[in-house]
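Data first, discussion second: the structure below is written as structure tokens.
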Amino acid sequence: MVHAPARPPENAPPVRINLYSDTQTRPTAAMKEAMMRAEVGDEQHGDDPTVHALCDRMAALLGKEAAVFLPSGTMCNVVAILTHCRSGDEVVAHETSHILHSEGGAHAAFTGVQIMPLKGAKGMFTAEDLRAAIRPRTRYTPPQRLLEVEQTANIGGGAVWPLAQLNAVAEIAHGQGWGTHMDGARLMNACVAAAIPPAEMVAGYDSVWLDFTKGLGAPLGAVLAGSSEFIGQAWRWKQRLGGSMRQAGICAAACLYALDHHVDRLAEDHANAKALARGLRQIPGVVVEEPETNLVFFDIRGTGLDVARLQERLRMQGIMISGLGGRVRACLHLDVSAPMVEEAVAAIRATLAAA
Ligand SMILES: *Cc1c(COP(=O)(O)O)cnc(C)c1O
């Protein structure tokens, strides 16, 4: 069993259009400049001024007391759940959530929580769904401790939870004495799409994190925010998991650069996603989900080609795209321009027609 990621096929041409993921962006020249100029110190010792600047800025942006810099979004979820819960507790989350499907079983391996998967369209559930999931408190039932939501919902098609629905489920959770946690890997996409300031969007959530390696285009890093008490506890788990860093200001500088230069432009990605969806919809047999943010999911079962073959044939034309559970996912980000979208639509059309 091989656990390492596959290398690209040897005979494949260089990737020209990368729709595989918004994690595939390369730092821009200006971002690298900012990294080079960063003042740094020993982060785990509390001496890195650029990391402090990033955490202070993120706490303010998200309306929380404090924040902590972590190497990845996955570590943010793991640290947050370790901080909110004890082993044997139950976390209530959507059945398509990242914590269930894409963290290598971290919650079974490290946090010891069980996750109750809720159903619902587009990666979301309603207040009624959540009320129906509340267990009686008996010696038999797992203690429910935490509500977890994804904003935007990735497998949900990049859908944006409406603010009223986010607040309604958070209120129910708090009414039960549970904590609330938001996986905000693509939070800024949601805020830009809904034109809602981040602090308002996350007000109902005790903890929230944002990934700098998705549409924001930084090479690594995520920031988890919450109360000072919560972040103080989170630091212990960060240390235990080996997430404490040294001259991390090099990376925090890229994140600060992204906050200044790569947030408003997410609207371009959303416009490109809509254009891609419009183009794909013209292709016979392709069923496209209407994008709300930067992710475009489509179904090619009506075309006679399967997802893996489409991926392979596009890759040989220098185009990368991802397959998720039988659907094709195209991801828009700062390295994909409007002309590239047109070219990708033409290539997908030709590839499906040839099949
Ligand atoms: C990417 C992603 C994560 C994990 O972030 P990494 O930085 O890749 O560890 C968590 N949740 C969602 C919804 C994501 O899209």
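Ligands are counted one by one from 1 in listed order, and the atoms in each one are counted from 1 as well. This structure is a prediction, so every number in the text was calculated from the model and none was measured. Throughout, residue positions are numbered sequentially from 1 according to the sequence presented.
- No donor-acceptor pair under 3.5 Å is formed between the side chain of D42 and the backbone N or O of D47.
- Taking only nitrogen or oxygen atoms, main chain and side chain alike, D183 reaches within less than 3.5 Å of ligand 1.
- The closest approach between a heavy atom of R186 and any atom of ligand 1 is below 4.0 Å.
- Residue G73 places at least one N or O, backbone or side chain, under 3.5 Å from an N or O of ligand 1.
- Residue, atom and distance of the protein heavy atom nearest to atom 1 (C) of ligand 1 are K214 NZ, 1.4 Å.
- Atom numbering of ligand 1 starts at 1 in the shown order; those under 4.0 Å from a heavy atom of A185 are 2 (C), 11 (N), 12 (C), 13 (C), 14 (C), 15 (O).
- Residues in residues 35-93 take part in these ring pair (Phe, Tyr, Trp, His ring centres under 6.0 Å) pairs, two or more places apart or across chains: H84-F230.
- Here R329 does not pair with E289 in a salt bridge; the nearest charged N to carboxylate O distance is not below 4.0 Å.
- The distance from ligand 1 to the heavy atoms of N154 drops below 4.0 Å at these ligand atoms: 15 (O).
- Ion pairing between R309 and D306 holds under the 4.0 Å rule for side-chain N and carboxylate O.
- Taking a cut-off of under 4.0 Å to the non-hydrogen atoms of S72, the atoms of ligand 1 that pass are 7 (O), 9 (O).
- Between D211 and ligand 1, at least one pair of N/O atoms sits closer than 3.5 Å.
- Contact atoms of ligand 1 toward E150: 13 (C) (distance under 4.0 Å to a heavy atom of the residue).
- For D335 (side chain) and R26 (main-chain N/O), a donor-acceptor pair under 3.5 Å exists by modelled atom type.
- Heavy-atom neighbours of R281 CZ from other residues, nucleotides or ligands within 6.0 Å: above the threshold of 12.
- Any N or O atom pair closer than 3.5 Å counts here, and T74 shares at least one such pair with ligand 1.
- Heavy atoms from other residues, nucleotides or ligands lying under 6.0 Å from CZ of R265 number more than 12.
- Checked by distance only, ligand 1 and W209 stay at 3.5 Å or farther apart across all their nitrogen or oxygen atoms.
- In this structure, the side chain of E103 does not engage the main chain of V78 through any donor-acceptor pair within 3.5 Å.
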